[in-house]
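Note on naming: letters A, B, ... go to the chains in the order of the sequence lines (proteins, then strands), and numbering restarts at 1 for each one.
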There are 2 protein chains.
Amino acid sequence: MTTEQSKSDISRARILDAAAKTFRQKGYAATTLIEIARAADMQAGSLYYHFGSKDELLEEVLDIGMRRVHEAVEESQEHLPPGSSHRDRIRAAVEAHLTTLLKLDDYTSANIRIFGQIPEDVRRRHIRLRDAYAELWRRILAKAQKSRALRSDIDLGLVRMLLMGALNWSVEWYQPGRTSIQTMADHMCLMLFSGIGIDKPARSSEDETVA
Amino acid sequence: MTTEQSKSDISRARILDAAAKTFRQKGYAATTLIEIARAADMQAGSLYYHFGSKDELLEEVLDIGMRRVHEAVEESQEHLPPGSSHRDRIRAAVEAHLTTLLKLDDYTSANIRIFGQIPEDVRRRHIRLRDAYAELWRRILAKAQKSRALRSDIDLGLVRMLLMGALNWSVEWYQPGRTSIQTMADHMCLMLFSGIGIDKPARSSEDETVA
DNA sequence: ATATGTTTCGAACGCATGTTAGATTTTAGA
DNA sequence: TCTAAAATCTAACATGCGTTCGAAACATAT
């Protein structure tokens, strides 16, 4: 116990890293404990010294992934320069979400990719963190709408879903080098704001009902 | 051979339906042939009279799903009233995509959900259909941009990805009854067009119509 | 009704997986 | 250095999976 990190903690972290990486690549059911163990320089049986079961390992990977995006987006809001517009706020949140998802975080990307294939009871226990993260976005968007930075005649819940979809889906196609995360955040906000934004349109929205 | 549909064809279709449904619900690796067989009122071994392997079954489900969206979107473009604006065209495409994905088509939703977890060689053989579908959207968007219905200073490829993400992600959260597909299509086009649309600097209504 | 081809069954095989537990090695303090 | 605890290994287990194959049930035409 001389070092802050006991050997157990180090191994634990190595296992979690390996699990997140493999889960993300192959999915949950297709990932074998032998693969995880190999990626962590261990034997499969040794994993059970640190985790009670494959599901328990999965659960921790999911939780860590969700906590990381949550914290990243939360921090992005706290570190904004004073007087930032709501567009700036949302842009920062979008960029934080994308950065966590696409840059060196297998936990969050694993979470996003495999959430639809996990066992029922694991999902039930994990869903609270998901809801909390959704609530964070709900607050951000609602505040923007209340400040008249967003139109009032739209379904914010639906917009949030479409937005999260556009962001989360990037984990399926994004390749570093082709498009920068900043560019993605810019386009996302351009689509979102200049569309929903109340700022520029006088009343040019009449042509929307063209036949 | 008296009836149009031989008994074999009927069983085959029943198996494919069962497979698509189960793949969509549980994912590929987690789905067992026993489950598929039970959902098709058969024994697991009997599946092999119709399909050579689990992978072959998967492959056909994927192909059918992709062909269905492709055809749906293609038809939506052909059945447009003459003189439709590009916004109308894209709205129709969005609605066709969503309808196929969310309404009674387990094949397309299975395709979208499990594409990230399928074996390498299956993916390689299926990828052509995916590319063809992407090309269809690329054409639709490019034509809109060329007709000055969309801004020229944006990355259409990126926008297409964000758009497909917003649409495809709906398979993860959509519940019939809460939001209508029409509402989703409306919101999507509102975000897309009034954002990317050229109508804000140079206000006009003629740039919305097809040349 | 019989015979021929079609479709399904049922039981078995081989294999890989998650899991367990005792033996073995490594670590850290006296 | 010695020792007890911590950490890992090794080998085995039970189970469930995809798959195979010969037998049984079914359908159809003569």
> Without decimals, in angstroms, what is the distance between Tyr49(A) OH and dA5(D) P?
12 Å
> Between dT7(C) atom C1' and Phe51(B) atom CZ, what is the distance in whole Å?
14 Å
> Could you state the CG-P distance from Leu47(A) to dA21(C), rounded to the nearest angstrom?
17 Å
> Sequence neighbours left out, what passes side chain to side chain contact (heavy atoms under 4.5 Å, CB included) with Ala44(A)? Give chain and number order.
Ile34(A), Ala37(A)
> Looking at Arg138(A), I'd like to know if its CZ atom is crowded, meaning that more than 12 non-hydrogen atoms belonging to other residues, nucleotides or ligands lie closer than 6.0 Å.
yes
> For Asp121(A), run the salt bridge (charged side-chain N to carboxylate O under 4.0 Å, His left out) check against Arg125(A), Arg124(A), Arg123(A) and tell me which one passes.
Arg125(A)
> Would you sketch DNA chain D in dot-bracket for me? Only Watson-Crick or G-U wobble pairs with both distances under 3.5 Å count, crossing pairs as [ ], other-strand pairs as |, the rest as dots.
||||||||||||||||||||||||||||||
> Applying ring pair (Phe, Tyr, Trp, His ring centres under 6.0 Å), which residue pairs with at least one partner in residues 10-30 of chain B are found, sequence neighbours left out?
Phe23(B)-Tyr28(B)
> Quick one: side chain to side chain contact (heavy atoms under 4.5 Å, CB included) partners of Asp88(A), sequence neighbours excluded?
Ser84(A), Ser85(A)
> Could you tell me which residues satisfy salt bridge (Lys or Arg N to Asp or Glu O under 4.0 Å) with Arg67(A), sequence neighbours excluded, listed by chain and number?
none
> Using a 4.0 Å heavy-atom cut-off, write out nucleotides 15-20 of chain C from 5' to 3' as B (base contacted by protein), S (sugar-phosphate only) or - (no contact).
--SSBB
> Find the distance Met42(A):CE to dT25(C):C1' and express it as a whole number of Å.
13 Å
> Take a 6.0 Å sphere around NZ of Lys54(B) and say whether it holds more than 12 heavy atoms from other residues, nucleotides or ligands.
yes
> Can a side chain N or O of Ser11(A) be found less than 4.0 Å away from OP1 or OP2 on dT8(D)?
yes
> Looking at Gln43(A), does any N or O in its side chain come under 4.0 Å of the phosphate oxygens OP1/OP2 on dT10(D)?
yes
> Rounded off to whole Å, could you give me the CG-to-P distance for the Leu57(B) and dC17(D) pair?
16 Å
> Are Asp63(B) and Tyr107(B) linked by a side-chain donor-acceptor pair shorter than 3.5 Å?
no
> Just wondering, do Ile114(B) and Thr31(B) contact through their side chains at under 4.5 Å, heavy atoms?
no
> Tell me the interatomic distance from Ile36(B), atom CD1, to dT19(D), atom P, rounded to whole angstroms.
11 Å
> Once you round it to whole Å, what is the distance between P of dT25(C) and CG of Asp41(A)?
19 Å
